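The structure appears right after this line, and notes come after that.
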Number of protein chains: 4
Amino acid sequence: MKFTDNRPIYKQIIDHFCDQIINGKWSEEERIPSVRDIAVKMEVNPNTAIRAFHELQENGILYNQRGVGYFVAENALDKVLELKRKEFIDQELPCFFRTMKQLGFTCSELEELYKKQHE
Amino acid sequence: MKFTDNRPIYKQIIDHFCDQIINGKWSEEERIPSVRDIAVKMEVNPNTAIRAFHELQENGILYNQRGVGYFVAENALDKVLELKRKEFIDQELPCFFRTMKQLGFTCSELEELYKKQHE
Amino acid sequence: MKFTDNRPIYKQIIDHFCDQIINGKWSEEERIPSVRDIAVKMEVNPNTAIRAFHELQENGILYNQRGVGYFVAENALDKVLELKRKEFIDQELPCFFRTMKQLGFTCSELEELYKKQHE
Amino acid sequence: MKFTDNRPIYKQIIDHFCDQIINGKWSEEERIPSVRDIAVKMEVNPNTAIRAFHELQENGILYNQRGVGYFVAENALDKVLELKRKEFIDQELPCFFRTMKQLGFTCSELEELYKKQHE
DNA sequence: GTGGTCTAGACCACC
DNA sequence: GTGGTCTAGACCACA
C-alpha cells in the first residue's frame, strides 16, 4: 500500500478502514488482523497502525479485547457514516463553498465536472 | 491578525494576499508594504513573512526589486485565480466528489445546503 | 566543510549534493543522512540544510517520507544533469560567448587554455 | 533601461559603460553626462550610479574633476580590455571548464552552440 | 528518532 | 531604507 498524499499516514489508514467497512468487507463483531500483521502488510510502522486503531476505537467503530485483538463494533457502519457525514458537513462543505464562490464556479459547472470525472 | 487554524502561518499569509488581490485591494505594479512593516502589522516574525513572499514570487504573483521592495506582478490576478483553480480542481474536487458519493449525497441536496448556508 | 565563496551556503549545499549524485555517491532510493546529522557534519544550522533539501525536493532530486527522512529520487541523476545543463546553457553560455567575442578570443584559443589548465 | 538579471545594478551599469567604451561611443578625455542625468536616464538611484562610477574610477577607466564631472581616462579602452580579460581568464574560464567537463560537453559541441546562437 | 515551522536577533549587500 | 541569509534554540506532528 502506497501513501502518496500529504495527509498523515494514520489518517489515511483510518479512511482505508472506513472505506472497507462501508464497502462491507468487515462484518460486525468480526476480528480484524493484528496490528502487527496490518503494519507489515501496509509497510507501516506498528505505532502508526496503533494510532489509527485508537482513533477508530474512540469513535466507537472498533473495540479492543485485551490480549485478543481489535473487533468491528456493533453498528460500526452507522458510526462510520455518521462520523463522515459530520466531518463532511462541518468541515469540507463550508470551505468548499467558499472557494467555489471565490473562483466563480457554479453548482452546475461542478456537476458537469463531476460527471466527467465519473465516466 | 490572528492565525487560528492549524496550517502554517506562512501559508495563511499567502492566502491572505491572494484574497486581497482577488478582492482588488492591490493594483498591478503597486508596491506592497515592506517585509518588516507587514511582519509588525501581522504580529509575525519577518522571516515568516519573507517565506510567504518568496512563494508568491515563485508563482509569479509578486516580483522583487533589489533594495526597493515587493511589487504586485502584471497579471497577478490571473495568476492567483489560475493557481487557486488548479488547487481546487486537482485537490479539493476529487476528494469532495468521492466523499459525496460515498455518503450518498446528491448535487441537488448539496445545492440546498449551499443556499441555506448563504442566506 | 568550508563555505568560502560568496554564494549563499544553502546554494553551495545544493551544489555539493548534486555533485555527489553526479559522482555516484548516492544510489536511487537511498536514504541520505538526517538533516541534523548533515547540519552537524557541515557545521551549519539545521535550517540552512533544510532549505537546501527543500529546493532539491522541488526539483525532484530528493523526496521526503514523513518522519523518516530524505531519499534520493528515482532518476535523480537525470534530473540533476538536466537542471545543470539548463542552467549552463541558459545562463553561463550566452554570457560566456558574449565576453569571448567582445575580448576577441576564439574557440581554439580557449581550447588551448583549457588544455593548459588541465595538464 | 531595464535591469532584469539578478546581478547588482551598479555592476550592470559598469558593464554598460565598458561596453560603450569598447564600442567606441566615448573618446578619451571626453566628459560623460552627470551622475544626476545618468541616474534619471537609467531610472536608477543616484547613489547606485555613483557607486558604479567609483568603481570605474578605481580601475582607472574614468577620472573625476571636482565640480566638473567624470571624464574618460587616457587609455580607457586598454584598461577596460585588460580588466575584462583578467576577470574572464581568472574567474569565468575555470568555472566554465569545470562545469563543461562535469556535464560532458566538448569544446566542439560548444562551438556548434556558439555558431547557432550567433546566426 | 524524523522533518516542519516559528521566533529572535544578527549581519550582509544593495538602493 | 530595502530584502536575503544565517544562527540558535524552541515547539510541533509524525513514525
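Remember, it's a predicted structure, so these values are computed and weren't measured experimentally. Letters A, B, ... are given to chains in the order of the sequence lines, protein chains preceding strands, and every chain is numbered from 1.
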Asp5(B) CG to dC12(F) C1', straight-line distance once rounded to whole Å: 15 Å
Distance, rounded to the nearest Å, where Met42(B) contributes CE and dT7(E) contributes C1': 17 Å
Separation of atom CD1 in Ile32(C) from atom P in dT2(E), rounded to whole Å: 12 Å
Length of the line joining Leu56(C):CG and dG4(E):P, which is rounded to integer Å: 13 Å
Length of the line joining Ile50(C):CD1 and dA8(F):P, which is rounded to integer Å: 15 Å
Close side-chain approach of Glu87(B) to Glu92(B), heavy-atom, < 4.5 Å: no
Length of the line joining Ile38(B):CD1 and dG4(F):P, which is rounded to integer Å: 12 Å
Sugar-phosphate only, base, or nothing, as touched by Tyr70(B) at under 4.0 Å among non-hydrogen atoms: sugar-phosphate
Pair Asp19(B) + Lys84(B), salt bridge at N-O below 4.0 Å: yes
Spacing of NE2 belonging to His54(B) relative to CD1 belonging to Ile50(B), to within rounding of 0.5 Å: 6.0 Å
Below 4.0 Å: OP1/OP2 of dG3(E) and any side-chain N or O of His54(C): no
Parallel, tilted or perpendicular, as decided by the 30° and 60° cut-offs, for the rings of Tyr70(B) and Phe53(B): perpendicular
Residue mapping more 5' on DNA chain F - nearest nucleotide basis, Gly69(B) or Pro46(C): Gly69(B)
Student check: side-chain heavy atoms of Lys11(A) and Glu55(A) closer than 4.5 Å: yes
Per-nucleotide pairing state of DNA chain F [Watson-Crick or G-U, under 3.5 Å; [ ] pseudoknot-crossing; | other strand]: ||||||||||||||.
Contact check, side chains of Lys25(B) and Phe17(B), non-hydrogen atoms, under 4.5 Å: no
Donor-acceptor under 3.5 Å (Asn59(D) side chain, Ile61(D) main chain): no
Side chains of Trp26(B) and Arg31(B) in contact at under 4.5 Å (non-hydrogen atoms): no
Rounded distance in Å - CZ (Phe53(B)) to P (dG3(F)): 8 Å
Sort me out a list of protein N/O and nucleotides 12-15 of chain E N/O pairs below 3.5 Å, or just none if empty.
residue: dC14(E); atom: OP2; partner: Arg51(D); partner atom: NH2; Å: 3.2
residue: dC15(E); atom: OP1; partner: Ile9(D); partner atom: N; Å: 3.0

Gap between atoms OH and C1', on Tyr63(C) and dG3(E) respectively (whole Å): 15 Å
Cys18(B) side chain near Leu56(B) side chain, heavy-atom distance below 4.5 Å: yes
